[in-house]
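Here is the naming used below: chain letters follow the sequence lines, and residue numbers restart at 1 for every chain. What you are looking at is a predicted structure, and each value in this text was computed from that prediction instead of being measured.
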Amino acid sequence: MSDLLANLNTEQHQAVTLPPQHALILAGAGSGKTRVLTTRIAWLISSGQCDPAGILAVTFTNKAAKEMLARLSAMLPISTRGMWIGTFHGLCNRLLRAHHRDAGLPQLFQILDSADQLAAIKRLLKTFNVDDEKFPPRELQHFINAQKEAGLRPDAVEAWDDYTRRRVELYREYETQCQRESVVDFAELLLRTYELLERNEPVRRHYQRRFRHILVDEFQDTNRLQYRWLKLLAAGDAASGTPGACLFCVGDDDQSIYRFRGAEVGNMRDFEREFQVANVIRLEQNYRSHGNILDAANAIIRHNSGRLGKNLWTEQGAGEPIRVFEAFGDSDEARWIVEEVQQLVREGALRSDIALLYRSNAQSRVLEHALFSAGIPYRVYGGLRFFERQEIKHALAYLRLIANADDDTAFARVVNFPTRGIGARSLEALQEAARTYNTSLYATVPHLAGKPGTVLAQFVRLIEDLRRDTARLPLPELVDHVLDSSGLRAHYKAEKEGRERLENLDELIAAAANFVAESQADAGALGADHALLADFLAHASLEAGEHQADQGMDAVQLMTVHAAKGLEFDAVFLSGLEEGLFPHENAILEAEGLEEERRLMYVAVTRARQRLYLSFAQSRMLHGQTRYNLRSRFLEEIPEPLTRWITPPKPRGSAATGFGGYYEPPRGAFSSRPAAPPAPVPPRKNTGGLQVGQLVSHARFGKGVIIAAEGSGADARVQINFGDAGIKWLLLGVAKLEPCN
DNA sequence: GTTATACTTTGGGCA
DNA sequence: AAAGTATAAC
């Protein structure tokens, strides 16, 4: 046990060995948070204070849960099996499956991911002939999720205006639809579980009695409902003399980056107040990053207001300067990154210790292309994730229909895929009938007469045959059989671009085999036919698949900043540091949004151990359009002495920007997309040496970027994005424009 | 009525 | 760029 506590600093030691009371650990980036959490669990168990079955540990990502389990089994001589470790959603799924009857759900309920949910809402709007211009599906989705996260069922929502009243009605209909189809969305997983525990005393008491220590990772990212869920589980029960559980919450308000999905940083303060937390421990010593990187992170986050306050420090030296690179275009940026990566590898770095981070998934393509051309192995996390690909979703839809024929979302997805002559019209008729009979689409088919009825009946027979033929098959063979009999394989075989999709379908079989292998221990306990299938489907929804190529290979890591939270790398490249991209344009206008972007930047910077590379491009292809962005304000927030600018090779004829040094930032400017598609650049002599993408200054409007140019001679004019001052067309002969360095 | 094709619109991060 | 929508062709 003394081994366990060796090498912990004073604060870490204190946190790990706290008496059984509520505790809040404010853990800065790289301060050994995961270590404290796992060591705490190991210490509780090995000191005999708690049985493994008394531990409940909640994380936010499956990755984090897995890592915690791995570390624990390395630390403890005993099995980790009795512990409950998982994500909120994963644990709720487990509870609901175990108590499905009490929760009012069939055992084989399905889980909708956000895309499924959106599709279900669109279908709902269609059935009720709702104008989707007035009620945009995405907005309605957000509304419904927000209500659920506030713990509100339709009856409890207060609606003061007609618009909201209508949305509440649609919320109610959505619930009915989900219940009828036996599907549950992410927010519902949480709310259902919460209600189950709240209303069902025996069940609640059972878990309250069982869990003695509840440990929460990334507490700053919990939403209101998750917090209430924790409160309920941790509460004692005076009547039966059950003492409450100890809540051990670890978080960092500066790393709260999930406000968009309802995370409530205020939970940290509420927790401290409501539980009268006497033990608040700050972990401020950083073991990860060199001084320059840490100073940069501290300087950036200082621009935010209302922080709980923390200052990271390190015993390590300043280390290397932060390298900053300005590229002309996104592909130049990618090329430069690849060259630097190659250099690092030549110097002996492991590829897997190098991460390429970006704000949004769309940015990964250019990087992937450059890496691929250079023959560097890489691995992309997130993005179009495995279980979200269309061919996989189609295959899963067939599997879902086998497990649960009432799943209308799955039905609608594949009833005419591959095409079998069931178009929009037939489907509409079926939906109409389904409403009158109040049955699922599948169950309605026998009621339908006429030609469409025949074709539909054939589809139903196909599903029924599948269900019968696969009942005794092992999961991978079941999937294989479905791929063939559904015609999916044949369809993609015939398609020109279908090869990759076919490979992915084969991957699905592999994923099924993998799933069986991993859950083998539990498999014997499942009695019902296709129960393992239902488990696999839940797995597919909850864990959309870290399923990139060769697992074991030493590969460069590509991911969004969100996905990088909790991870660390020797070298980190953060690309696309441009206004509109990072900070993202949708977040720029609201103060709250901007602060969240800044926290995201803080997270990104603190991922790096030794080297940090920051880059941006003057022009970038995004959504099929070339955009010209100003550099990110976050770059300006890093003190100059910490950085070293790297000069890009100068293309012929262009005025240099950012040459060799640090230049005065265009304060307060923000970018926007060009009002008109950029015109072809006129001959250079007409623009007086100016170029699209260049930074210029104007006496009245200040600094801006040229986003388009047209005309020639006396008519030559350029369109300039002046940020705050707006976008203007200026005649070159009239306006005095100064190239800006 | 269904399917193939041209055109228009949209657009973030995640369990 | 990809998904969604209107229109023409089967």
Using a 6.0 Å distance limit plus a 45 degree cone around the ring axis, check whether A:Arg123 lies over the aromatic ring of A:Tyr174. no
Check whether A:Tyr258 forms a cation-pi arrangement with A:Arg261 (NZ or CZ under 6.0 Å from the six-membered ring centre, at most 45° off the ring normal). yes
Distance criterion of 3.5 Å, no angle test: do you see the side chain of [X] paired donor-to-acceptor with the base of [N]?
X        : N      : value
A:Ser114 : B:dA15 : yes
A:Gln363 : B:dG12 : no
A:Arg261 : B:dG13 : no

Checking all strands, does [X] fall into the base, sugar-phosphate, or nothing category for heavy-atom contacts under 4.0 angstrom?
X        : result
A:Phe88  : nothing
A:Glu597 : base
A:Phe186 : base

Quick one: [X] [atom1] to [N] [atom2], roughly how many Å, whole number?
X        : N      : atom1 : atom2 : result
A:Leu190 : B:dA15 : CG    : C1'   : 9 Å
A:Lys66  : B:dA15 : NZ    : P     : 11 Å
A:His539 : B:dA15 : NE2   : P     : 13 Å
A:Phe260 : B:dG11 : CZ    : P     : 15 Å
A:Met621 : B:dG11 : CE    : P     : 19 Å
A:Glu133 : C:dG4  : CD    : P     : 15 Å
A:His369 : C:dA1  : NE2   : P     : 13 Å
A:Arg365 : B:dG11 : CZ    : P     : 19 Å

Does [N] have OP1 or OP2 sitting under 4.0 Å from an N or O in the side chain of [X]?
X        : N      : value
A:Lys122 : C:dG4  : yes
A:Asn416 : B:dT3  : yes
A:Asn145 : B:dA15 : no
A:Asn586 : B:dG11 : no

Answer yes or no: are there more than 12 heavy-atom neighbours, outside A:Glu195 itself, under 6.0 Å from its atom CD? yes
Which residue, A:Gln618, A:Arg620, A:Glu578, forms the side-chain hydrogen bond (donor to acceptor under 3.5 Å, both in side chains) with A:Asn629? A:Glu578
Choosing from [options], which nucleotide comes nearest the side chain of [X]?
X        : options                : answer
A:Thr560 : B:dG13, B:dT3, B:dT2   : B:dG13
A:Arg425 : B:dT3, B:dG13, B:dT2   : B:dT2
A:Glu596 : B:dG13, B:dA15, B:dG12 : B:dG13
A:Arg359 : B:dG12, B:dT3, B:dA15  : B:dG12
A:Asn62  : B:dC14, B:dT3, B:dA15  : B:dA15

Does the structure show A:His584 stacking with B:dG13, if we require the centres to be closer than 5.5 Å and the planes to be within less than 30 degrees of parallel?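 No.
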Using heavy-atom distances to pick each residue's nearest nucleotide on DNA chain B, tell me which of A:Thr419 and A:Arg138 is more 5'.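 Result: A:Thr419.
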Kindly state whether the ring of A:Phe616 and the ring of A:Phe582 have centres lying under 6.0 angstrom apart.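 Ring centroids of A:Phe616 and A:Phe582 are no less than 6.0 Å from each other.
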Aromatic ring proximity A:Tyr358/A:Phe573, centre distance under 6.0 Å: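 No - the distance between ring centres of A:Tyr358 and A:Phe573 does not fall below the 6.0 Å cut-off.
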